[in-house]
2 protein chains.
Amino acid sequence: MNKQIENESNYSASKYRTPDGVPADIIIFTIASEERAGTKKSLPMRELQVMLIQRKRWPFEGKWALPGGFCDEFESMEDCARRELEEETGVRDVHMEYCNVYSAPGRDPRGWMISHSFVALVNEAKLKDRRAADDAADVRLFPVSAAQNMELAFDHNQVLEDALAHIRQKMLTTTIAKAFLPEEFTVSELYQVIQTVVPEFADQNFLRKITSTQSRKGIIEEVLGANGERKMSNRYSQRAAQLYRFTGYKPQLSLYS
Amino acid sequence: MNKQIENESNYSASKYRTPDGVPADIIIFTIASEERAGTKKSLPMRELQVMLIQRKRWPFEGKWALPGGFCDEFESMEDCARRELEEETGVRDVHMEYCNVYSAPGRDPRGWMISHSFVALVNEAKLKDRRAADDAADVRLFPVSAAQNMELAFDHNQVLEDALAHIRQKMLTTTIAKAFLPEEFTVSELYQVIQTVVPEFADQNFLRKITSTQSRKGIIEEVLGANGERKMSNRYSQRAAQLYRFTGYKPQLSLYS
DNA sequence: GAAATAGTGTCTATGAGACAGTATACG
DNA sequence: CGTATACTGTCTCATAGACACTATTTC
């Protein structure tokens, strides 16, 4: 295709070598929970998983890769990523954020490709229907630890590492845990989600700190029932636990104060 | 130019409409300090400034814009940004970080352009020589507050706002203040730098906190002279102040613990 | 001695960290 | 009655936040 750009001067972008494509790649994370065998009421095992697709074409035919696709002229990179995300998972209204750009020369054998990575955090509940519908062999969720040890297409191993570092940092400094939780959740669930993403995270007094310390009070709030009584859940425990929800309040972290 | 990509299949990127360019735009911040008139030894006035260039060509001829330029096939976006940065300012080895991508359709009248913004933090000392050399009328530092009120080319007002938000956040959560400071600095200088970037920042006990609280101890350290005595400076004060340097240690901030 | 910056003393309320103890309900 | 989760009590030490106070040097 020969590009002609009409404009008011003699400028023409077609004088220059231009990129062969600007793809978006999406790192779709979800947390899979599995009931522990034996006990009924107990906290589930949780595992961070990432969605990969198996390539059917050159290049990297047969290899697993992050889902993605090319941006077209009439959409933004973000639109493109959301479109791809919906095609791959069937879900909308999902937490997605821009992560990084990959532009090293030679990173894509098809030509000069500037790839943009987006991280999507999808609640497993939203993914369930879809998973049943087409359990295609070429689209699968892998435990992140497994994906890290696979040889992925392109520079996708690096993209995955960067994305992981990105969400680990965000998990601790923002309230993105919300994306992996139901609207109403218990403190243990929140704790588990954080630990699933950031395994090093540990805090004996977590419950007390998140609910009772002044500086953090306001991040989550107790859910109340119709009559003003506190709403509880005993999904995971004999003793019912208080349900909480995020408030939207986000304290500003600082090194210096 | 008609693109032909040789490869082992019948894939050809040239079948698709491709972008007309992938520019990098650089938001070059510096902190200008000015001695206060009258008093000799006193803390200078500091002001956050941003570098703009005046466009000579369509589009937006005559308007001020962020410096930037097109990426070529044999460099990464980061390389491109560093190249442009050096062309514009003559400096290397500067703190620069990737900020965001701008891809809204129609954002550039020349065609389909996916722009990548980089934030550079340049110490005014490094900029001084250059500024004297060519004080070109079409490249200037503006106070950020002035730039915000100008009508910049393209979507550069938005790019600037995003970059500002980016460095404000980073200023409080990382040690990028380092980029605006000499190797050895006083606590007051550090405090001033933070305040210049984040005007809301205020902390009566700053000195004590940064030097004496366990959780933060290790971010900066006292500079010692040859004989192990503490190195002081009285550049800004009658009473000499302890000099500090950054250690490289970066505590991990967390909402939850 | 006034001015300007640097730094310390001290008090109170809050929070971190650790560990033991109690509460609830199911099987 | 054991077990798994959900909390609460309590102790110690560190920190935040506020405000007054002292220290050093120059003009």
Side-chain angles (χ1 to χ4, degrees), chain A residues 33 35-46 172 184-193 195 201-220 222-223 229-244 251-257, chain B residues 33 35-46 172 184-193 195 201-220 222-223 229-244 251-257:
Chain A
S33 42
E35 279 185 13
R36 272 184 296 174
T39 53
K40 276 268 162 53
K41 296 226 167 173
S42 67
L43 290 163
M45 302 293 294
R46 295 182 195 257
L172 294 179
E184 303 177 352
F185 54 87
T186 66
V187 171
S188 294
E189 283 182 284
L190 171 57
Y191 187 65
Q192 272 204 316
V193 164
Q195 278 207 316
F201 183 79
D203 188 333
Q204 285 199 302
N205 283 351
F206 183 73
L207 185 151
R208 174 178 268 148
K209 282 207 262 190
I210 195 69
T211 60
S212 311
T213 58
Q214 278 219 326
S215 59
R216 273 180 288 257
K217 213 179 285 186
I219 298 176
I220 61 173
E222 295 177 350
V223 180
E229 82 292 3
R230 308 198 309 168
K231 203 166 159 193
M232 315 293 275
S233 156
N234 65 340
R235 196 167 13 154
Y236 301 125
S237 58
Q238 322 299 357
R239 175 171 175 178
Q242 176 65 47
L243 284 170
Y244 289 87
Q252 169 63 60
L253 290 172
S254 168
L255 266 189
Y256 300 111
S257 72
Chain B
S33 41
E35 278 184 17
R36 273 184 295 174
T39 53
K40 275 268 162 51
K41 297 225 168 176
S42 67
L43 290 164
M45 302 295 293
R46 296 183 194 257
L172 295 180
E184 304 177 353
F185 53 87
T186 66
V187 171
S188 294
E189 284 182 282
L190 172 57
Y191 187 66
Q192 272 204 317
V193 164
Q195 278 207 317
F201 183 79
D203 187 333
Q204 286 200 302
N205 283 349
F206 183 74
L207 185 152
R208 172 179 269 150
K209 283 208 260 190
I210 195 69
T211 59
S212 312
T213 58
Q214 276 220 327
S215 60
R216 274 179 288 256
K217 214 179 285 185
I219 298 177
I220 61 174
E222 294 177 351
V223 179
E229 83 290 4
R230 308 197 310 168
K231 205 167 158 193
M232 317 292 275
S233 155
N234 67 339
R235 195 165 14 149
Y236 300 126
S237 57
Q238 322 299 356
R239 175 172 174 177
Q242 176 65 47
L243 285 170
Y244 289 87
Q252 169 63 60
L253 291 172
S254 168
L255 267 189
Y256 300 112
S257 73

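Proteins get letters first, then strands, A, B, ... in listed order; numbering begins at 1 in each.
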Subject >> Per-nucleotide protein contact string for nucleotides 6-15 of chain D (B base, S sugar-phosphate only, - none; heavy atom under 4.0 Å) >> reply: BS-BB----S
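With sequence neighbours excluded, no residue forms a side chain to side chain donor-acceptor pair (under 3.5 Å) with A:R208. Under the side-chain contact (heavy atoms from CB on, under 4.5 Å) criterion, A:S254 pairs with A:Y256, A:S257, B:L172, B:F201, sequence neighbours left out.
Side chains of A:L207 and A:Y191 form no contact here, defined as non-hydrogen atoms less than 4.5 Å apart. Looking at A:I220 and A:F185, their side chains come closer than 4.5 Å, going by heavy atoms from C-beta outward. Using a 4.5 Å heavy-atom cutoff, the side chains of B:E222 and B:Y244 are in contact.
Atom CG of B:N234 is separated from atom P of C:dG7 by 12 Å (rounded to the nearest Å). Taking atom CD on B:Q238 and atom C1' on D:dT26, their separation rounds to 4 Å, with Å as the unit. Between the C1' atom of C:dG15 and the CD1 atom of A:I210 lies a distance of 14 Å, rounded to the nearest Å. The distance from atom CD of A:E35 to atom P of C:dC26 is 16 Å, rounded to the nearest whole Å. Protein atom CZ of A:F201 is 11 Å distant from nucleotide atom P of C:dA16, rounded to whole Å. Between B:F185 atom CZ and C:dA6 atom P there is a gap of 13 Å when expressed in whole angstrom units.
Counting only distance, with no hydrogens or angles, the side chain of A:E189 and the backbone of A:Y236 share no donor-acceptor pair below 3.5 Å.
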